[in-house]
Amino acid sequence: MNPLPTSVPSALPVSLSTLPDFDPRAVPVVGVDAHLPAVPAQAQTPQALRARFAHPPVWTPEVVLEKKFMNREPAHASVLVPIVLRDQPMVLLTERTAHLSTHSGQVAFPGGRADAEDASTADTALREAEEEVGLERRFVEVLGVLPTYVTGSSFIITPVVALVQPDCALHPNPYEVADVFEVPLAFLLNPAHHQRHIFEWQGVRREWFSMPYQDGDKSRYIWGATAGMLRNFYRFMQA
C-alpha cells in the first residue's frame, strides 16, 4: 500500500475510503475465525430461516458502531439482505458505481436513506431495493430485522432480512449500481471466511471484517459495514 498523507483538515477521524491510495485489500489480515463453527446447512433452509426470525434467540450483536468521521445529524437508513432461494441459498449484493460520493466502488446491500413516506424500516429497504436493482416487492418475503449498525458518517442502518424468489427479474439503476452478484449464504455464515483487519492512522485504531469471495474470474471484496452486518447475521444464526 502506498504511504498515506500525514495530515487532514479535520479533527475528526476520516473515512478510510476518502484517504488517497487507501486500499482495504492491502491491509494485513490479523486473524481468521476458522475456530468458530459454521451455521449448519439445515439452519439455512427457508423454513429454518422463517422459524429463526419468528422465535429469535437471545443474542448480542458483535459489530454495531464505527468510529465517527463526520459531524452531521444522524440519519436513518435501511438495507435489504436478500436471500435468493436457489438450490443453494444465495445473498444478493451490489457493487456501487465509482462516481458516487460515498462508498463508491464498494460492495453493498441494496438500500438507502429513509423517506418520511416510508411506513417502516422494511418499507425503506423494499423501496430502495426496487429503485436500485429493480427488485419488485411481490418477489420478496420479509423475515425480520437485525440490530441497527451505525456508520462513521452517522447513518443508523437497519438490516432487513428477506427471502427472494429466484424468478425475479432485476433491472439495476446504472447511476448507482455497477454490478449485481450473488454469494452463497453458506460462505457468508462460515467464519472461516471472516478475516479480521486492524489499521491505525494518526492515533486512530480501526478494526473491521472482510469476506473476500472469488466469483468466477471476479474477486468480490466484502468489507466494512457490509461485512459487519453479515457478521452480526452469523452471530444471530449461531446463537
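You'll find the ring centres of F209 and H197 outside the 6.0 Å limit. Taking the six-membered ring wherever Trp is involved, the centroid distance between the rings of Y149 and F155 does not fall below 6.0 Å.
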Could you walk me through whether V63 and R235 pass the side chain to side chain contact (heavy atoms under 4.5 Å, CB included) check? CA-CA 10 Å; V63 192; R235 289 297 191 185; over 6 Å; no
For V183 and Y213, run side chain to side chain contact (heavy atoms under 4.5 Å, CB included): C-alpha distance rounded to whole Å, both residues' side-chain angles, the deciding distance at 0.1 Å, then the answer. CA-CA 8 Å; V183 178; Y213 176 69; 3.7 Å; yes
Test salt bridge (charged side-chain N to carboxylate O under 4.0 Å, His left out) applied to E131 and R113, step by step: CA-CA 12 Å; E131 292 175 3; R113 186 193 297 260; over 6 Å; no
Quick one: do F236 and V161 satisfy side chain to side chain contact (heavy atoms under 4.5 Å, CB included)? Show the steps, please. CA-CA 12 Å; F236 170 77; V161 182; over 6 Å; no
Can Q106 and T226 be said to form a side chain to side chain contact (heavy atoms under 4.5 Å, CB included), step by step? CA-CA 9 Å; Q106 293 188 19; T226 303; over 6 Å; no
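To the nearest 0.5 Å, the span separating CG on D118 from CG on L126 amounts to 9.5 Å. Interatomic distance, CE of M211 versus CG of N190, reported as 10.5 Å (0.5 Å rounding). For the atom pair CZ of F109 and CG of L80, the computed distance is 9.0 Å after rounding to the nearest 0.5 Å. The line from NE2 of H76 to OG1 of T121 is 10.5 Å long, rounded to the nearest 0.5 Å. Between the CE atom of M90 and the CG atom of L185 there is a distance of 9.5 Å, given to the nearest 0.5 Å. Note that CG of L188 is 5.0 Å distant from CD1 of I222, once rounded to the nearest 0.5 Å.
Without hydrogens or angle criteria, T148 side chain to T158 main chain gives no donor-acceptor distance under 3.5 Å.
Both L36 and M229 are members of a single hydrophobic cluster when ILVMFWY side chains are connected at heavy-atom separations under 4.5 Å. A continuous path of ILVMFWY side-chain contacts below 4.5 Å connects F53 to W59, so both sit in one hydrophobic cluster.
Of all heavy-atom pairs spanning P159 and P147, the tightest one is CD-O, 3.4 Å. Of all heavy-atom pairs between P191 and A38, the closest is CD-CA, 3.8 Å. Taking all atoms of both residues into account, the shortest heavy-atom contact from R205 to I198 is NH2-CD1, 2.9 Å. Closest of all the heavy-atom pairs between A186 and Q88 is CB-OE1, 4.5 Å. Between G152 and E66, the shortest heavy-atom distance links the atoms N-OE1, 2.9 Å. Minimum heavy-atom separation, E132 to V177: O-CG2, 3.6 Å.
Side-chain contact between F139 and D167 is present, with heavy atoms from C-beta onward closer than 4.5 Å. The shortest distance between side-chain heavy atoms of F181 and V107 falls below 4.5 Å. At a threshold of 4.5 Å between non-hydrogen side-chain atoms, the residues V160 and V79 do not count as touching. Residues T45 and L49 are not in side-chain contact: their nearest non-hydrogen atoms beyond the backbone lie 4.5 Å or more apart. Within the 4.5 Å cutoff, side-chain heavy atoms of L163 are placed close to those of R50. Considering only heavy atoms from C-beta on, P37 comes within 4.5 Å of Q238 through its side chain.
For the residue pair H194/R231, the side-chain donor-acceptor check at 3.5 Å is satisfied.
Ion pairing between E62 and R196 holds under the 4.0 Å rule for side-chain N and carboxylate O. Using a cutoff of 4.0 Å between basic side-chain nitrogens and carboxylate oxygens, D123 and R137 are scored as salt-bridged.
Looking at residues two or more places apart in sequence or on another chain, you find a salt bridge (Lys or Arg N to Asp or Glu O under 4.0 Å) between D215 and R220.
Taking a 6.0 Å sphere around NE2 of H55, one finds it holds 12 or fewer heavy atoms contributed by other residues, nucleotides or ligands.
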